[in-house]
A.B. asks: 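Attaching a single structure in structure tokens format; questions to follow.
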Amino acid sequence: MSNDVDVALARPATLCAFCPKMCRSACPVAEAEKRETVTPWSKMSLVHLGRTGQVPLSSTGAQKALEACTGCGACVEQCAHGNPVSEALFAARSLAETPRSKLYAEQFRKTGDVKGRDHARVVDGLEKNRDASVAYFPGCARAGHDGRVAIDKDLRALERAFGHRIPVTEVSLGAQCCGYPVYIDGHVDLVEENLLKMAQVFGGHEVVVTPDPGCAYMFTTVRNALVGRSRGARSFPQVLPLVEALGARSERFEGAARDVVVRYHDPCYLARRGRSFDAPRRLLQAATGRPPLEFVRHHDDADCAGGGGGYPVSNKEGAREMARRRASPDSQGEESADVVVTACPSARRNFERAGLRARDIVDVILGEL
Ligand code: SF4
Ligand code: SF4
């Protein structure tokens with residue numbers, strides 16, 4: 001085991017191993033899978049046993065348990081120590097390397113994308129300007145999955161909000177992703193290297209706007225923790241989730257979807273981790289003429305929709321069950337909505353994978369439901 005990883009895991013794993021499971025019921029993965037072996041305490045106790053040489057983390061069972069985390073952060077809210085469970089589980093995944101994580105790392109090393117895609121082709125023909133003060137970064141969820149139609153919508157929303165066109169950041173093979181897909185597999189060296197490359201790409205901008213709250217988290221919280229304020233940090237722009245940039249200009253979207261009744265799902269990396277609660281609600285109120293309906297659990301108490309941490313890849317059915325539980329009538333409350341809306345491409349896609357109707361907040365504020 002690498003000494004750095006062992007040191008990083010020692011405190012969080014030991015805290016959990018000797019804890020009376022205070023966060024037992026917080027984990028939406030454990031609730032969806034209905035398995036005691038994937039509660040935060042069990043997963044972290046496994047890490048403790050692994051790092052003290054009592055069980056091999058490379059066994060299939062251990063790999064499965066370490067992958068059973070979406071990074072939602074709900075357990076941390078229940079923990080008296082604020083123990084960073086998902087960060088520890090992600091780091092421990094590097095000790096349990098699966099064939100999939102090895103392949104992803106290899107492709108990321110070569111192309112800057114875990115699936116070897118070239119994002120530049122998706123944004124081909126769109127304006128780029130390295131000196132523009134504000135620029136748009138699509139991220140893998142948009143460039144790799146949602147595609148050009150969704151990117152064009154984001155850019156139209158930005159144009160309406162700012163009153164002029166916003167260019168796209170340069171993306172190219174080797175520097176095109178925030179690094180989240182390798183971060184969750186514990187490849188910290190690749191993340192750090194990638195953040196330094198992205199600092200070059202973003203160098204001329206003051207603000208970079210991204211539709212993916214996971215990208216914003218990587219470029220702020222993770223960058224501050226890994227790269228720090230010394231190397232490459234001075235030239236890094238402020239990175240804002242798209243809803244924050246649009247929410248500051250919400251009056252530009254007034255009446256776009258008048259009388260549509262929406263229920264808003266707080267994505268974990270935007271809400272619980274990013275503390276962004278008001279901007280999406282302000283936008284939805286402006287567009288529909290009324291405040292969005294809330295889930296029974298909302299804001300920083302919202303249940304995860306199952307789209308993060310690589311969980312839809314490692315456990316397709318578990319991730320779909322999480323989306324179904326989130327959208328169930330018990331979770332939604334009494335007043336019925338026309339549509340569930342969210343501000344995270346991964347959450348929206350996981351609802352869709354489970355056969356549920358969910359729309360991106362940009363669809364609502366452009367009146368394109
Ligand atoms: S995360 Fe906190 S509350 Fe949960 S098992 Fe670990 S130490 Fe206990
Ligand atoms: S971060 Fe979320 S999914 Fe991961 S162990 Fe904690 S509660 Fe479970």
Side-chain angles (χ1 to χ4, degrees), residues 8-52 57 62-94 96 180-181 183-186 213-214 217-218 221-222 225 265-275 295 297-326 331 344 346-347 350:
L9 292 177
R11 181 178 151 78
T14 310
L15 274 177
C16 287
F18 296 100
C19 169
K21 312 182 192 179
M22 303 298 284
C23 61
R24 164 69 190 82
S25 58
C27 181
V29 171
E31 293 296 309
E33 292 194 20
K34 296 185 179 64
R35 287 201 301 138
E36 191 63 27
T37 48
V38 290
T39 63
W41 178 85
S42 296
K43 290 176 283 200
M44 291 294 279
S45 295
L46 174 70
V47 174
H48 175 69
L49 294 174
R51 63 169 291 278
T52 51
L57 292 181
Q63 286 174 341
K64 275 272 164 221
L66 294 176
E67 286 186 326
C69 175
T70 62
C72 76
C75 49
V76 184
E77 303 280 313
Q78 305 279 318
C79 176
H81 307 286
N83 205 9
V85 170
S86 62
E87 288 78 357
L89 293 174
F90 294 166
R93 289 179 189 179
S94 69
Y180 182 77
Y183 171 72
I184 59 174
D185 280 338
Y217 177 78
M218 289 299 295
T221 308
V222 174
H265 164 73
D266 288 280
C268 303
Y269 279 95
L270 185 70
R272 194 177 290 113
R273 291 186 181 271
R275 314 310 293 173
F295 280 83
R297 294 177 66 167
H298 52 87
H299 286 71
D300 53 1
D301 190 37
D303 283 321
C304 176
Y311 190 55
V313 176
S314 63
N315 188 336
K316 220 183 274 181
E317 187 41 43
R320 286 176 188 178
E321 177 59 15
M322 282 178 70
R324 286 193 285 269
R325 292 171 75 92
R326 180 57 171 159
S331 175
C344 168
S346 304
N350 204 46

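One-based numbering, in listed order, for ligands and for the atoms of each.
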A.B. asks: Against heavy atoms of Pro28, which atoms of ligand 2 measure under 4.0 Å?
C.D. replies: 7 (S)

A.B. asks: Out of the candidates Arg272, Arg297, Arg325, Arg324, only one should pair with Asp303 under the salt bridge (Lys or Arg N to Asp or Glu O under 4.0 Å) rule; please name it.
C.D. replies: Arg297

A.B. asks: For ligand 1, which atoms, with element, lie under 4.0 Å from some heavy atom of Cys19?
C.D. replies: 3 (S), 5 (S), 7 (S), 8 (Fe)

A.B. asks: With atoms numbered from 1 as shown, which atoms in ligand 1 lie under 4.0 angstrom from a non-hydrogen atom of Cys16?
C.D. replies: 1 (S), 5 (S), 6 (Fe), 7 (S)

A.B. asks: Answer yes if the side chains of Arg273 and Ser86 hold a donor-acceptor pair under 3.5 Å, and no otherwise.
C.D. replies: yes

A.B. asks: I'd like to verify the contacts: list protein N, O or S atoms under a distance of 2.8 Å from atom 6 (Fe) of ligand 2.
C.D. replies: Cys75 SG

A.B. asks: Which residue holds the protein heavy atom closest to atom 5 (S) of ligand 2, what is that atom called, and what is the gap in Å?
C.D. replies: Lys43 NZ, 3.4 Å

A.B. asks: Against Cys304, only a single residue in Cys268, Pro267, Cys27 fulfils side-chain contact (heavy atoms from CB on, under 4.5 Å); can you say which?
C.D. replies: Cys268

A.B. asks: Can you name the side chain to side chain donor-acceptor pair (under 3.5 Å) partners of Glu31, sequence neighbours left out?
C.D. replies: none

A.B. asks: Applying side-chain contact (heavy atoms from CB on, under 4.5 Å), can you list everything that pairs with Ala323, at least two apart in sequence or on another chain?
C.D. replies: Asn350, Phe351, Ala354, Leu356

A.B. asks: Quick one: nearest non-hydrogen protein atom to atom 2 (Fe) of ligand 1, plus distance?
C.D. replies: Cys79 SG, 2.3 Å

A.B. asks: Only pairs at least two apart or in different chains count here, so list each side-chain hydrogen bond (donor to acceptor under 3.5 Å, both in side chains) that has a residue in residues 10-26.
C.D. replies: Arg24-Glu36

A.B. asks: Donor-acceptor check, side chain of Asp266 to backbone of His298, threshold 3.5 angstrom: yes or no?
C.D. replies: no

A.B. asks: In the structure I gave you, are the side-chain heavy atoms of Cys75 and Trp41 within less than 4.5 Å of one another anywhere?
C.D. replies: no

